[in-house]
K.L.:
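If you scroll down you'll find the structure; I have some questions about it.
Just so it is clear, the model here is predicted, and its values are computed rather than measured. Computed over heavy atoms, backbone and side chain alike; hydrogens, waters and symmetry mates excluded. Note on naming: letters A, B, ... go to the chains in the order of the sequence lines (proteins, then strands), and numbering restarts at 1 for each one.
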There are 2 protein chains.
Amino acid sequence: MDMNHTVTAKDVAKLAGVSQSSVSRVYFEGAKVSEKTRLKVLAAAKQLGYRPNEFARSLITNRTRIIGLVMKGVDNPFYPQVLTRFTAAFKALGFSVLFVHTNNEELEAEDIEILLNYNVAGVIITDATMSLNVANEFKENKIPLVFFNRKLQTDDFYSVSCNNLDAGRKVAMYLLEKGVTDMVYISGNEDTSTSRERQRGFFEVLESRQIPYTKYASNYTYEGGYQTALKAIRSGHVPAAFFVANDIMALGTVDALKQQGVKIPEETKVIGFDDIEMADWPSYQLTTWRQPVEKMIHFTTSYLMDEIAAYTGKSGKVEVDGALIERLTT
Amino acid sequence: MDMNHTVTAKDVAKLAGVSQSSVSRVYFEGAKVSEKTRLKVLAAAKQLGYRPNEFARSLITNRTRIIGLVMKGVDNPFYPQVLTRFTAAFKALGFSVLFVHTNNEELEAEDIEILLNYNVAGVIITDATMSLNVANEFKENKIPLVFFNRKLQTDDFYSVSCNNLDAGRKVAMYLLEKGVTDMVYISGNEDTSTSRERQRGFFEVLESRQIPYTKYASNYTYEGGYQTALKAIRSGHVPAAFFVANDIMALGTVDALKQQGVKIPEETKVIGFDDIEMADWPSYQLTTWRQPVEKMIHFTTSYLMDEIAAYTGKSGKVEVDGALIERLTT
DNA sequence: CTGAAAGCGCTTACAG
DNA sequence: CTGAAAGCGCTTACAG
């Protein structure tokens, strides 16, 4: 119906025989209109193909219905599902997702400039951190912010993650129950809170039981897990178990061990972290620690919705318990 | 620093001692200002922390710098890389990505409503199609649209995909050269152009050489490939080769065959499609047809940029040649 | 409940 | 090159 000229509330008002204000009230949540005008307006709007202009709206309300979602390292199959679940959750809440991708563990000013320009309603930073300097810009603009799957050193922000410390401990205890006598920990990138805490909980238990262990630093990639596992058994000694800081590395570890003829779980055991889909594939059947993704997403979205409704700038560190998923590599 | 009150061009103008128009001209690409005013404005802007309001801007120009990216089925590891590459490409061009996710092969009105509300500058539909009805809404609003990795039946739109027909033929010829005598094709979802065309090219060659083949319908998932492969060898006869319509299914096929003790490539050969990262993993080393992702993205973005600069509504079907990547499953 | 009017923060002819 | 003024499409007090 509309030819070249975009249909405005004014056009609808004219056709419906009401004022532009009334048209606005029909589309603005919380505004009051009589049922009679509502019907007239909706009929006219339908006929003309009217659709409220989000920009004009945002200009006045100074609020948007856009959430900035910043992601890093989408090669890790853990994240695509996080992305789609967030998108679905926000869609249900009436929000859209502006997707920003970065390659750095620490976001830089330019990565987030766009979010400020669009005056997003809220921001989720996944799998990365940022300098206080940059993060404070959000505070100044009263834009709520959640670090997802990362904890910061400071107490000034809100973060949601798996209880990694506890998970590390439980993994250690599980392997000890299996009668394992020495272990290897393959870390993710060492500048991440996730890897550090999984390691801390794990080592804490091993040390208290005086179990020998070796640590190898890696980088959260399949290739990293593969090469690191090869390095770990180069001496000829195969440890009784590997705790690998995420699943994609654990799959690399499994493949490397298999290729070297090491039998799993007979000669050594492997346990990963995340519970990505591939962990359940028949060729791997990887025992792993499942991240409580649904709950993590729930805490993230409800914090954001609360803060969007009434900004408080509340900080906190939410840690959700995961669970051990036992398969065939232990 | 701004306290509570957002800094506007007016504030900057006052501090810089120029008009608001001049401030605007400094930030509006293509507008002319003297170097002298530019410097005064930039200094004042920096001091106040000014940042042009994108919404006010879009309201007037009736253009945005947002690209709507609609994705389906991000479980297929082919897509995360597509997403990040698109995001990087658009970032370099000064555009942001609004991410929309759908579960349906055919998008519904509500999936795209948001894109119209935000008056996006352009739209990419990945791995899905939409009814003409819905698609025409974009035409009416002069929003350029590209179907990525899907071809439509009609000639009314612009699509960019791999040359799937040619790929199917080349795969057949490659397997014939290997001396293969009978084959199985495992299809993806049958309502997708990708699966249909790969199949058509493949069968065309087999028929012309009178090579026997069997087709099994599957669904582009790992589990689908796994179960379908089991079904294909249930009779006890193992075909000389499998052409599987995408890599993730091919990995499932490989695992199923291995589990049944079928030796690859000695007893049968497997070839996939996409060349996802996992195809190169040591435990798979899957021979596959590589999709020319970089080129496909290039054609998509340059079409969109052209149409955004000057809308023509041009349609077309771009098909880019891929290449065979030979590994150890053939 | 409804309408007229002001104003959100910009861009853009139009004069000078 | 620059400024004053109009206007983009909405929301929102303010009267009635």
Side-chain angles (χ1 to χ4, degrees), chain A residues 2 4-42 44-45 48-66 94 116-121 141-142, chain B residues 2 4-42 44-45 48-66 94 116-121 141-142:
Chain A
D2 92 64
N4 258 327
H5 154 252
T6 61
V7 180
T8 73
K10 208 170 163 184
D11 302 321
V12 176
K14 188 184 286 176
L15 182 61
V18 300
S19 72
Q20 198 224 48
S21 324
S22 289
V23 175
S24 172
R25 287 184 183 109
V26 170
Y27 289 92
F28 191 74
E29 220 172 322
K32 289 173 199 290
V33 240
S34 67
E35 196 54 23
K36 202 169 139 192
T37 19
R38 175 192 303 283
L39 293 176
K40 279 197 291 189
V41 166
L42 288 178
L48 296 173
Y50 172 68
R51 162 188 325 282
N53 182 314
E54 285 289 339
F55 295 106
R57 199 168 246 189
S58 295
L59 184 55
I60 295 178
T61 61
N62 200 23
R63 300 185 298 121
T64 64
R65 299 186 72 80
I66 300 178
L116 292 165
N117 284 352
Y118 278 108
N119 193 22
V120 292
N141 289 281
K142 299 194 174 180
Chain B
D2 91 67
N4 259 327
H5 154 254
T6 62
V7 181
T8 72
K10 208 170 163 184
D11 302 321
V12 176
K14 189 183 285 176
L15 182 61
V18 300
S19 71
Q20 199 223 48
S21 326
S22 289
V23 175
S24 172
R25 287 184 184 108
V26 170
Y27 289 91
F28 191 73
E29 220 171 321
K32 288 174 199 292
V33 239
S34 67
E35 197 53 23
K36 203 169 138 193
T37 15
R38 174 191 304 281
L39 293 176
K40 278 197 292 188
V41 167
L42 288 178
L48 297 173
Y50 172 68
R51 163 188 324 282
N53 182 315
E54 285 289 339
F55 294 107
R57 198 169 246 189
S58 295
L59 184 55
I60 295 178
T61 60
N62 201 23
R63 300 185 299 119
T64 64
R65 299 186 74 81
I66 300 178
L116 292 166
N117 284 352
Y118 278 109
N119 193 21
V120 293
N141 288 281
K142 300 195 174 178

K.L.:
Considering every strand and a 4.0 Å limit on heavy-atom distances, what is the contact class for S21(A): base, sugar-phosphate, or nothing?
P.N.:
base
K.L.:
Do you know the tightest heavy-atom contact between R25(B) and K32(B)?
P.N.:
CD-O, 3.5 Å
K.L.:
How far does CZ of R57(A) sit from CG of N117(B), to the nearest 0.5 angstrom?
P.N.:
8.0 Å
K.L.:
Of the candidate nucleotides dC1(C), dG3(C), dG7(C), which contains the atom at the shortest distance from the side chain of S22(A)?
P.N.:
dG3(C)
K.L.:
Any side-chain N or O of T61(B) less than 4.0 Å from the OP1 or OP2 oxygen of dC8(D)?
P.N.:
no
K.L.:
Give the rounded distance in Å between these two atoms: CZ of R63(B) and P of dC10(C).
P.N.:
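Result: 17 Å.
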K.L.:
Measure across S58(B) and R63(B) and return the closest heavy-atom pair with its distance rounded to 0.1 Å.
P.N.:
OG-O, 3.1 Å
K.L.:
Between V26(B) and L42(B), which heavy-atom pair has the shortest distance, and what is it?
P.N.:
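Heavy-atom minimum between the residues: CG1-CD2, 3.9 Å.
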K.L.:
In whole Å, I'd like the distance from the CG atom of L59(B) to the P atom of dG9(D).
P.N.:
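It works out to 7 Å between those atoms.
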K.L.:
For K10(A) and dA5(C), what is the distance between atoms NZ and P respectively, to the nearest whole Å?
P.N.:
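It works out to 12 Å between those atoms.
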K.L.:
At 4.0 Å (heavy atoms only), tell me whether S24(A) reaches a base, stays on the sugar-phosphate, or touches nothing.
P.N.:
base
K.L.:
Measure the distance from OH on Y118(A) to C1' on dC10(C) and round it to the nearest whole Å.
P.N.:
14 Å
K.L.:
For K36(B) and dC1(D), give me the distance from atom NZ to atom P, rounded to whole Å.
P.N.:
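K36(B) atom NZ is separated from dC1(D) atom P by 14 Å.
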K.L.:
Please pick, from dG9(D), dA4(C), dC10(C), the nucleotide with the shortest atom-to-atom distance to any side-chain atom of T8(A).
P.N.:
dG9(D)
K.L.:
Under 4.0 Å between a side-chain N or O of Y50(A) and OP1 or OP2 of dC10(D)?
P.N.:
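Y50(A) to dC10(D) OP1/OP2: side-chain N or O found under 4.0 Å.
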K.L.:
Please work out whether the ring planes of F55(B) and Y118(A) are parallel, tilted or perpendicular, with thresholds of 30° and 60°.
P.N.:
perpendicular
K.L.:
What's the CD1-C1' distance between I60(A) and dT12(D), to the nearest Å?
P.N.:
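To the nearest whole Å, that distance equals 8 Å.
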K.L.:
Over all strands shown, is Q20(B) touching base, sugar-phosphate only, or nothing at heavy-atom distances under 4.0 angstrom?
P.N.:
base
K.L.:
Reckon V33(B) touches a base, only the sugar-phosphate, or nothing at all at heavy-atom distances under 4.0 Å?
P.N.:
sugar-phosphate
K.L.:
Could you check which of dA4(C), dT11(C), dT11(D) has an atom nearest any side-chain atom of F28(A)?
P.N.:
dT11(D)
K.L.:
By nearest heavy atom, map R25(B) and E54(B) onto DNA chain C; which one lands nearer the 5' end?
P.N.:
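Its nearest nucleotide lies further toward 5', so the answer is E54(B).
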K.L.:
I'd like to know if R51(B) reaches the base of dG9(C) with its side chain such that a donor and an acceptor end up less than 3.5 angstrom apart.
P.N.:
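No, no donor-acceptor pair under 3.5 Å.
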K.L.:
Of the listed nucleotides (dT11(C), dA4(D), dT11(D)), which one gets closest to any side-chain atom of R57(A)?
P.N.:
dT11(D)
K.L.:
Please name the pair of heavy atoms, one in T8(B) and one in Y50(B), separated by the smallest distance, quoted to 0.1 Å.
P.N.:
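Minimum heavy-atom contact is C-CE1, 3.5 Å.
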K.L.:
Rounded to whole Å, please give me the gap between CG in N62(A) and C1' in dG7(C).
P.N.:
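Interatomic distance, CG of N62(A) to C1' of dG7(C): 13 Å.
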K.L.:
Output the rounded distance in Å from CG (N53(A)) to P (dG9(C)).
P.N.:
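The distance from CG of N53(A) to P of dG9(C) comes to 16 Å, rounded to the nearest Å.
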K.L.:
Taking OP1 and OP2 of dG3(C), is either one under 4.0 Å from a side-chain nitrogen or oxygen of S19(A)?
P.N.:
yes
K.L.:
Can you tell me if T6(B) touches the phosphate of dG9(C), counting only side-chain N or O atoms and a distance under 4.0 Å to OP1 or OP2?
P.N.:
yes
K.L.:
Paired with dG16(D): which nucleotide, if any, by Watson-Crick or G-U wobble criteria at under 3.5 Å for both distances?
P.N.:
dC1(C)
K.L.:
Which nucleotide in the list dT2(D), dG9(D), dC10(C) gets nearest to the side chain of A56(A)?
P.N.:
dG9(D)
K.L.:
Describe the nucleic acid contact of T37(B) in one word from base, sugar-phosphate, nothing, applying a heavy-atom distance below 4.0 Å.
P.N.:
sugar-phosphate
